[in-house]
2 protein chains.
Amino acid sequence: MSVSIRDVARVAGVSVATVSRALGNGPVSDALRAQVEAAVKATGYHPNLSARRLRSQRSGTIGLVVADIRNPFFTAVAHAAEDAAYRAGLRLILCNTEEDPAREAIYLGLMQEERVSGLLFAPTRLTQKELPRQRFAYPVVLIDRTGPNSAHDSVTLDNHAAMGALIDHLVEQGYRRIGGLFGKTSNTGVERRNGYLAGMLAHGLTPDYREVAPSAVAAHAEATQWLARGDRPEALVTSNSLLMTGAMKAAREAGLRIPEQLALAGFDNESWTELVEPGITVIEQPVEEIGRTAMNLLLERLQNPALPVRKLVLGGRCIVRGSTQARASMAGVA
Amino acid sequence: MSVSIRDVARVAGVSVATVSRALGNGPVSDALRAQVEAAVKATGYHPNLSARRLRSQRSGTIGLVVADIRNPFFTAVAHAAEDAAYRAGLRLILCNTEEDPAREAIYLGLMQEERVSGLLFAPTRLTQKELPRQRFAYPVVLIDRTGPNSAHDSVTLDNHAAMGALIDHLVEQGYRRIGGLFGKTSNTGVERRNGYLAGMLAHGLTPDYREVAPSAVAAHAEATQWLARGDRPEALVTSNSLLMTGAMKAAREAGLRIPEQLALAGFDNESWTELVEPGITVIEQPVEEIGRTAMNLLLERLQNPALPVRKLVLGGRCIVRGSTQARASMAGVA
DNA sequence: GAACTATATGAAAACGTTTTCAGTCCATGT
DNA sequence: ACATGGACTGAAAACGTTTTCATATAGTTC
């Protein structure tokens, strides 16, 4: 059926060991190397990675387990990671957990069965709690979501500070009744919620927030209901771009003018946040850098397992747009 | 180091063959099966997929090779495919070619080395031309991009008709000078361009179009230059959502009112196309269905290789929004 | 009760590589 | 001329499974 290294060896008139060495980096005379290369071309040989991995005990594969590839943040991170893996000559296995801890557990086991060299992982809040108790057969670098007591390398945003900046900005622009819409399945959502609470407290404002499943439809449903109430907020912050999509849609449907009747601010500088009228104020995350450096941390860890745990916290950039324009001095208007 | 099936066998007091059978679906007595399961739990055994694949000659893996995972269309398709694979108990390997034929070739070879059971593939225009001449070691299902003379199963949109519908609609709304912005690396771009040409011809209009790299920045650059000219079009159609992003940004920067000074229509019903003012008219592709049915076609093909080639062409849905509002009767205005 | 048959189990071969080990050959230094 | 060593090569073991083959045991049929 499939052409194996034996076939190549036979055609080239050498031993299988020589073929293996010629294809790898072993010492082979130029003459034989040429013969082997010719034989490879003639036979159309492709090495069997399973056999190679089995024997060499190296998978040359790293896993990427994220919650939702449709979240543009993860899409961008995955893209950067894939690129870095390609450059390093490694394969990347992408797993989508749908924010489901059960599915997450299955994929984590699968990664071990694949004998991946390492893992980039954005855990659910639930499994993240279990992380300290869990033993992995491979190095793990957490992306986007980590906790204080995890023993893994990580690359995250300074969520607390970023959300704080958003609140400060809104307050400065004259908004007081600021509502929050946060994803409830990730620690990132929690951190941004905490940043929100701290920010509101610092300004002596009373917080008012909701936690929802991290999807546009969930946010839309919640926001629709919320914005219909008499005590709806003057401004709304969201913890990711999917939630912002849902919230904005709800605002449109409720006929609210932005920012006059509802200011908006959130995360992730998607291109549409600029195109939409009047432009959404967002915290831009360095997505490319997150994916790239996460992969680099992993590669360094593979090289040197004794390295101390490194937790990289990156800062976000606040991009101010029309959705948080200074509030006209009309205090007390519903 | 790693715990193997021998360790489990030793702990369970049975042979390795029995362990293998107990874990698979071989005939094993209930008593021994229980012993094995206990031993697995006690040892923390995880089967080595490389060894399993090598011996069984089944990879249980399918490849997904797309041009750009950041294109929301491919993101959605990948998501649906991953889900279908998960359900079928298969692994999915995602490869991103960046629209680069060289990278594409590398990944295609890699898929063979992985001994994937099958491949979902969105080829570049260049390699697509080579497709009829190429032999694959695995069944291939083309998604989004196919040609008339390919011998592979495929799932595509009726691009010609969809673009025709867009042109018809624009003409009906009173637009005459309709420009086109098309991606040049994919056959999909070509088909939509042909649909554009046919549509313009049918209405007796003179076409005017540009072909660019399929990215927002390329579209932005081209559109910026184009819209600055005196003979800029009254309407612009684009062949995908990335190009639309770039085009719209250029229109905004040029200070053009939509649709009064420039109508817009394109592909892919991204949520922002609804949120943006005045809403973009688009052809909605059944992305979930494309990913799902592509996977199904592949699974069926794996079951029965003798099946005739099946080319599935799906229809798009035209969603009319404000960006193509009826043109005020002001013929001849630049 | 003997001859089958079906079922469960273990021993060992096989999958396609890499890597170890043991050479073989040739150049080099004495 | 002879030992020493380096560079290359081939035979065979090993990686961790699944699967084939043989065997033992129990159950069935005449």
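So that the names make sense, note that chain A is the first sequence line, chain B the second, and so on, each numbered from 1.
Between B:Ser56 and D:dT18, a side-chain N or O to OP1/OP2 separation shorter than 4.0 Å is absent. In this structure, B:Arg58 reaches the D:dT19 phosphate: one of its side-chain N or O atoms is under 4.0 Å from OP1 or OP2. Close to D:dA11, at under 4.0 Å from its OP1 or OP2, lies no side-chain N or O of A:Ser15.
B:Arg55 has its CZ atom 16 Å from the P atom of C:dA12, to the nearest Å. Here D:dC15 presents its P atom at 20 Å from CG of A:Leu49, a figure rounded to the nearest Å. For A:Gln57 and D:dA13, the CD to C1' distance is 14 Å, given to the nearest whole Å. Per the geometry, CG belonging to A:Asn48 stands 16 Å off P belonging to D:dT17, to the nearest Å. Protein atom NE2 of B:His46 is 21 Å distant from nucleotide atom P of D:dC15, rounded to whole Å. Rounded to an integer number of Å, the gap from A:Glu113 CD to D:dG16 P is 15 Å. In this structure, B:Arg52 places its CZ atom 19 Å from P of D:dC15, rounding to the nearest Å. The separation between A:Arg6 atom CZ and D:dA11 atom C1' is 11 Å, rounded to whole Å.
The residue among A:Val16 and A:Ser29 whose nearest nucleotide of DNA chain D is located toward the 5' end is A:Ser29. Closest-nucleotide positions on DNA chain C for B:Asp30 and B:Ala51 were compared, and the one nearer the 5' end corresponds to B:Asp30.
For B:Lys311 and B:Asp153, the salt-bridge test fails: no basic side-chain N is under 4.0 Å from an acidic carboxylate O.
In this structure, B:Arg33 reaches neither bases nor backbone, as no heavy-atom distance under 4.0 Å exists between it and the strands shown. The residue B:Ser20 sits close to a base: some heavy atom pair falls under 4.0 Å. Residue contacts shown for B:Arg21 include a base, since a base heavy atom lies under 4.0 Å away. A:Leu32 comes within 4.0 angstrom of sugar-phosphate atoms only, judged by non-hydrogen atoms across all strands, and of no base.
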Check the pair A:Arg53, A:Glu114 against salt bridge (Lys or Arg N to Asp or Glu O under 4.0 Å), reporting the backbone distance first and the verdict last.
CA-CA 10 Å; A:Arg53 289 202 260 254; A:Glu114 290 276 4; 5.4 Å; no
Would B:Glu289 and B:Arg292 count as a salt bridge (Lys or Arg N to Asp or Glu O under 4.0 Å) here? Give the steps.
CA-CA 5 Å; B:Glu289 190 177 359; B:Arg292 190 160 28 82; 5.4 Å; no
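Counting only distance, with no hydrogens or angles, the side chain of A:Arg103 and the backbone of A:Asn96 share a donor-acceptor pair below 3.5 Å.
B:His152 and B:Gln134 share no side-chain donor-acceptor pair at under 3.5 Å.
For B:Ile5, counting side-chain heavy atoms from C-beta on, the closest listed nucleotide (D:dT17, C:dT18, C:dT9) is D:dT17.
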